[in-house]
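Sequential numbering from 1 along the given sequence is applied to the chain's residues.
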Amino acid sequence: MARPSTPDKFTRRQAAQNAAFLAALRRTGNVREAASTLGYNRSTFTKRRAAHPAFAAKWNAALVMASAALNLPSRLREGSGEGSAKNAAIPTGSPTTTRTANGRLQLRRPTANRLDHAAEQAFLTALSATANIRLSAAAAGFSHSAFYARRKASPAFAREMRLALAAGYEQVESALIAGFLPGAHDHDAWRHNDPPPIPPMTANQALQLLHLHNRTVHLQEEPPHLKRRRGESSEAHSYRLTAMYEARQARDREAFDLAEAARHERGEPTLRNPYPAPRPVRLPALDQVTGWSKADPTKVAHDPDVALFGGWRLKERK
């Protein structure tokens with residue numbers, strides 16, 4: 001699946017501003033207040049959010065953490081499978097469908113401190129930003145076991161919870177990958193400082209140190225996942241490397257097949273069909289097309305038997 005791209009990279013100064021803003025947002029949960037405490041306007045960070053998916057994912061996660069932290073002082077009530085926070089708002093949403101003792105269905109008003117549609121949507125929204133079920137449940141003001149019970153009882157909610165978890169997984173993964181990029185400036189603070197002085201050492205110690213790190217510095221070290229593990233036989237090591245190679249080949253083949261299907265859908269040449277048939281040109285009925293002439297249809301021709309060419313009649317050119 002294609003990952004969201006970052007249109008522009010943050011400068012080191014902007015990265016520091018974003019980190020301070022997210023820290024303030026996790027404390028307050030108020031975007032305008034978090035920006036004003038740093039001396040900036042709210043639009044400064046909303047524009048960055050709109051242009052940077054990774055920053056938007058961190059923004060959503062900060063709001064969820066702030067909501068969960070604000071709900072922490074009033075923890076969940078004891079004894080109820082679907083307990084809610086004591087300060088949770090009394091639901092005023094739509095009634096729920098309940099089966100009575102005689103088997104009939106009826107609509108009932110949702111009682112206080114019970115899961116309702118608004119709590120489900122708050123949980124799913126938080127889950128789509130964090131991929132953390134316990135944190136999302138705390139942000140919605142309910143216990144995680146309440147949402148597990150709702151997932152077991154409602155196939156529709158189980159489907160939405162699965163989709164929200166997948167969306168949150170992609171959000172966290174894209175934010176993590178964006179943090180690996182050089183333009184993230186999350187781990188390069190040491191490079192902007194003067195290095196400390198070298199501690200005293202002998203020539204033999206210096207040569208030994210250079211020998212130990214020679215391959216690592218010059219990129220000649222074997223990758224960790226290819227190294228033979230402790231206690232691993234040569235046959236198992238060879239089998240593991242073969243399986244990793246076959247898995248990479250299968251992923252490359254799958255990516256190629258997807259690209260081939262997209263090219264075939266667009267009518268472009270593919271490996272199996274290098275010369276695709278051109279798509280037929282479809283035109284509307286020409287007798288139904290209007291507007292091709294600017295002539296006045298009500299004007300009578302000067303001589304209907306002689307055609308005009310460039311404003312000149314052929315008989316006048318003699």
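- Atom CG of residue Leu165 and atom CZ of residue Arg151 lie 9.0 Å apart, to the nearest 0.5 angstrom.
- Side-chain atoms of Arg228 come within 3.5 Å of backbone N or O of Glu232 as a donor-acceptor pair.
- Shown here for Ala34 and Ala24, the closest heavy-atom pair between the two residues is CB-CB, 3.8 Å.
- For the pair Glu160 and Glu120, the minimum side-chain heavy-atom distance is 4.5 Å or more.
- In the hydrophobic clustering of ILVMFWY residues, with side-chain heavy atoms under 4.5 Å counting as a link, Leu38 and Val31 come out together.
- The shortest heavy-atom contact between Leu25 and Leu63 is CD1-CD2, 3.6 Å.
- Between the Asn18 side chain and the Gln14 main chain, a donor and an acceptor come within less than 3.5 Å of each other.
- Judged by a 6.0 Å distance limit and a 45° cone about the ring axis, Arg248 is not positioned over the six-membered ring of Tyr245.
- Put simply, the side chain of Ser174 gets close to the backbone of Glu170: a donor and an acceptor are under 3.5 Å apart.
- Summarising the geometry, atom OG belonging to Ser136 is positioned 11.5 Å from atom CE belonging to Met65; distances are rounded to the nearest 0.5 Å.
- Residue Ala129 comes nearest to Asn60 through the heavy atom pair CB-CB, 3.3 Å, listed as atom of the first residue, atom of the second, then distance.
- The distance from the CG atom of Leu258 to the CZ atom of Arg263 is 10.5 Å, given to the nearest 0.5 Å.
- Dense packing is recorded around CZ of Phe256, with more than 12 heavy atoms of other residues, nucleotides or ligands lying under 6.0 Å away.
- Dense packing is recorded around CZ of Arg266, with more than 12 heavy atoms of other residues, nucleotides or ligands lying under 6.0 Å away.
- The closest side-chain heavy-atom distance from Phe123 to Met161 is below 4.5 Å.
- Within 6.0 Å of CZ in Arg134 there are 12 or fewer heavy atoms belonging to other residues, nucleotides or ligands.
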- Message: Please evaluate residues Phe21 and Tyr40 with respect to the criterion side-chain contact (heavy atoms from CB on, under 4.5 Å), reporting the C-alpha separation (whole Å), side-chain torsions for both, the decisive distance (0.1 Å), and the verdict.
- Response: CA-CA 9 Å; Phe21 169 76; Tyr40 295 98; over 6 Å; no

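- The CD atom of Gln17 lies 8.0 Å from the OG1 atom of Thr44; values are rounded to the nearest 0.5 Å.
- If you take OG1 on Thr130 and CD on Gln171, they are separated by 10.0 Å, rounding to the nearest 0.5 Å.
- Relative ring orientation between Phe147 and Phe142 is described as perpendicular, the plane-to-plane angle rising above 60° on a 0-90° scale split at 30° and 60°.
- Listed here is the closest heavy atom pair of Thr270 and Glu260: CB-OE1, 3.3 Å.
- The minimum heavy-atom distance between Ala119 and Ala140, with the atom names listed, is O-CB, 3.9 Å.
- The neighbour count for Gln249 CD, taken as heavy atoms of other residues, nucleotides or ligands under 6.0 Å away, is above 12.
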- Query: Taking it one step at a time, do Arg42 and Asn30 satisfy side-chain hydrogen bond (donor to acceptor under 3.5 Å, both in side chains)?
  - Reply: CA-CA 10 Å; Arg42 174 175 173 270; Asn30 190 318; over 6 Å; no

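- If you check the side chains of Asn204 and Thr202, you find no donor sitting under 3.5 Å from an acceptor.
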- Task: Check step by step if side-chain contact (heavy atoms from CB on, under 4.5 Å) holds for Trp59 and Thr46.
- Result: CA-CA 10 Å; Trp59 181 310; Thr46 54; 3.8 Å; yes

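- Heavy-atom contacts from other residues, nucleotides or ligands closer than 6.0 Å to CD1 of Ile198 number 12 or fewer.
- Scanning both residues, Ala139 and Val64, for their nearest heavy atoms gives CB-O, 3.8 Å.
- The line from CZ of Phe157 to NZ of Lys152 is 15.0 Å long, rounded to the nearest 0.5 Å.
- At distances below 3.5 Å, at least one donor-acceptor pair connects side-chain atoms of Ser128 with backbone N or O atoms of Thr125.
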